[in-house]
Amino acid sequence: MIQPIIAANWKMHKTIPEAVAFAKQLKKEFPEPGRVDIVIAPPFTALRSVMEVLKDSLIHISAQNMHWEEKGAYTGEISAAMLVDAGCKFVIIGHSERRALFGETGGMLNKKMHAALKSGLKPIFCIGETLEERESGATFEIIQKQIKEGLNNITPNDIRQVAFAYEPVWAIGTGKTATPLQAQEVHGFIRKTIAVDLEYAHASDTVIIYGGSVNPESTGSLVDQPDINGALVGGAGLDFDSFADIIRIAGR
Ligand code: 13P
């Protein structure tokens, strides 16, 4: 039985007081183990303060990015060990905004995956096609390439620690959610790729979450799909009531 994940990616939003207030509310609202794992990904500046609030709770903290080197002269970068130190259990790797706006390549993401796993972080590895790629019929090819590049030489033991997030680029921040059937089609393909191309025998246990304009209205029909094991929420995860609704709906 897969334990689904509902994660809020706050991107470049929220001051420390705002992040702390949200975390306190979340901890109060969800004090008991539920049927979903709750994860929030604050900006780096708020990680430590959020950890202080959530350390004795069931809610997990994720970073939004990291560098692959352990330490050194990399101005502006943050290592996996620093994230562990700040209280992170998860790290988002390969978000389409990192790929498109900051030039992150499959090779760089693979180095990040190795470094995250070595430090004991659980990567939430993001993949997804652009609108042009979808319209030219290249979706599956792109998804397969992203998985093979990102997970190159990752051992089965480590694949077990990885959650995948399918985030079609055309659905991010656009209000245009993939239909449950569109998303399920790709999620099924992702699971097959993990089993066949990565030769991972336990792909049926891998958590594959959907992201792209998820809101309380779309959550139920998405998580009802057999291969959709939760959501990576952007905009609706900034608002406490929306995020709490999404958690409740996914945990029904
Ligand atoms: P939106 O939910 O705002 O579309 O963002 C999705 C996303 O990028 C989460 O990582």
Side-chain angles (χ1 to χ4, degrees), residues 4-14 18-19 22 26 36-44 46-47 50 59-66 83 88-102 104 109 112-113 116 121-131 133-134 139 142-143 146-147 150 162-180 182-183 186-187 190 207-223 225 228-250:
I5 292 176
I6 297 294
N9 173 12
W10 285 349
K11 308 190 181 183
M12 199 168 72
H13 293 283
K14 294 197 191 290
E18 287 167 351
F22 191 113
L26 204 54
V36 299
D37 280 341
I38 305 169
V39 178
I40 53 175
F44 288 134
L47 287 176
V50 167
I59 298 153
H60 305 295
I61 304 171
S62 175
Q64 301 174 16
N65 181 31
M66 54 169 269
L83 298 180
C88 293
K89 181 165 176 187
F90 291 85
V91 59
I92 298 171
I93 293 182
H95 192 281
S96 65
E97 287 150 17
R98 300 294 321 168
R99 294 178 189 259
L101 304 175
F102 301 98
E104 296 193 2
L109 299 178
K112 292 186 183 206
M113 291 294 285
L121 286 169
K122 290 171 174 286
I124 299 174
F125 183 67
C126 301
I127 49 187
E129 81 288 1
T130 62
L131 187 60
E133 287 161 349
R134 172 161 283 263
T139 298
I142 294 292
I143 296 288
Q146 290 173 339
I147 293 174
V162 180
F164 290 77
Y166 171 53
E167 296 209 314
V169 179
W170 48 272
I172 296 176
T174 57
K176 211 172 151 184
T177 322
T179 65
Q182 269 175 329
V186 181
H187 279 237
I190 293 168
V207 175
I208 309 173
I209 62 181
Y210 169 81
S213 298
V214 173
N215 57 34
E217 290 69 48
S218 59
T219 301
S221 53
L222 285 164
V223 298
Q225 299 299 317
I228 302 184
N229 316 119
L232 182 53
V233 188
L238 292 169
D239 175 73
F240 180 80
D241 292 332
S242 300
F243 189 56
D245 275 351
I246 291 170
I247 294 167
R248 283 188 213 102
I249 293 164

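Indexing begins at 1, ligand by ligand and atom by atom, following the structure's order.
Across all their heavy atoms, A171 and A178 have their closest contact at CB-N, 4.3 Å. Closest approach of F90 and V39 over heavy atoms only: CE1-CG2, 3.8 Å. The shortest non-hydrogen separation linking T177 to G212 is CG2-O, 3.5 Å. Residue P180 comes nearest to L222 through the heavy atom pair CA-CD2, 4.0 Å, listed as atom of the first residue, atom of the second, then distance.
Inclusion of I172 in the set of residues having an N or O under 3.5 Å from an N or O of ligand 1 is not warranted. Among the atoms of E97, none of the N or O lies under 3.5 angstrom from an N or O of ligand 1.
Residue A171 has at least one heavy-atom neighbour below 4.0 Å for each of these atoms of ligand 1: 4 (O). Every atom of ligand 1 is numbered from 1 in the order shown, and the set under 4.0 Å from a heavy atom of H95 is 7 (C), 8 (O), 9 (C), 10 (O). Listed by number with element, the atoms of ligand 1 under 4.0 angstrom from any heavy atom of L232 are 9 (C), 10 (O). Counting atoms of ligand 1 from 1 in the listed order, those under 4.0 Å from a heavy atom of N9 are 9 (C), 10 (O).
Between F164 and F125, the ring-plane angle classifies as perpendicular under the 30° and 60° cut-offs. Ring-plane geometry between F243 and F22 is classed as tilted, the angle between the planes lying from 30 to 60 degrees on a 0 to 90 degree scale.
Shortest contact from atom 2 (O) of ligand 1 to any protein heavy atom: G234 N, 2.9 Å. Counting only heavy atoms of the protein, atom 9 (C) of ligand 1 lies nearest to E167 OE2, 2.9 Å. Annotation: atom 3 (O) of ligand 1 to nearest protein heavy atom, G235 N, 2.8 Å.
Heavy atoms of A165 stay at 4.0 angstrom or farther from ligand 1. For the ligand labelled ligand 1, residue G212 lies inside the 4.0 Å heavy-atom shell.
Of the candidates A231, S213, A236, S213 brings a heavy atom nearest to atom 1 (P) of ligand 1.
Side-chain atoms of E167 and H95 form a donor-acceptor pair, as typed in the model, at a separation below 3.5 Å. For the residue pair D245 and S242, no side-chain donor N or O sits within less than 3.5 Å of a side-chain acceptor on the partner.
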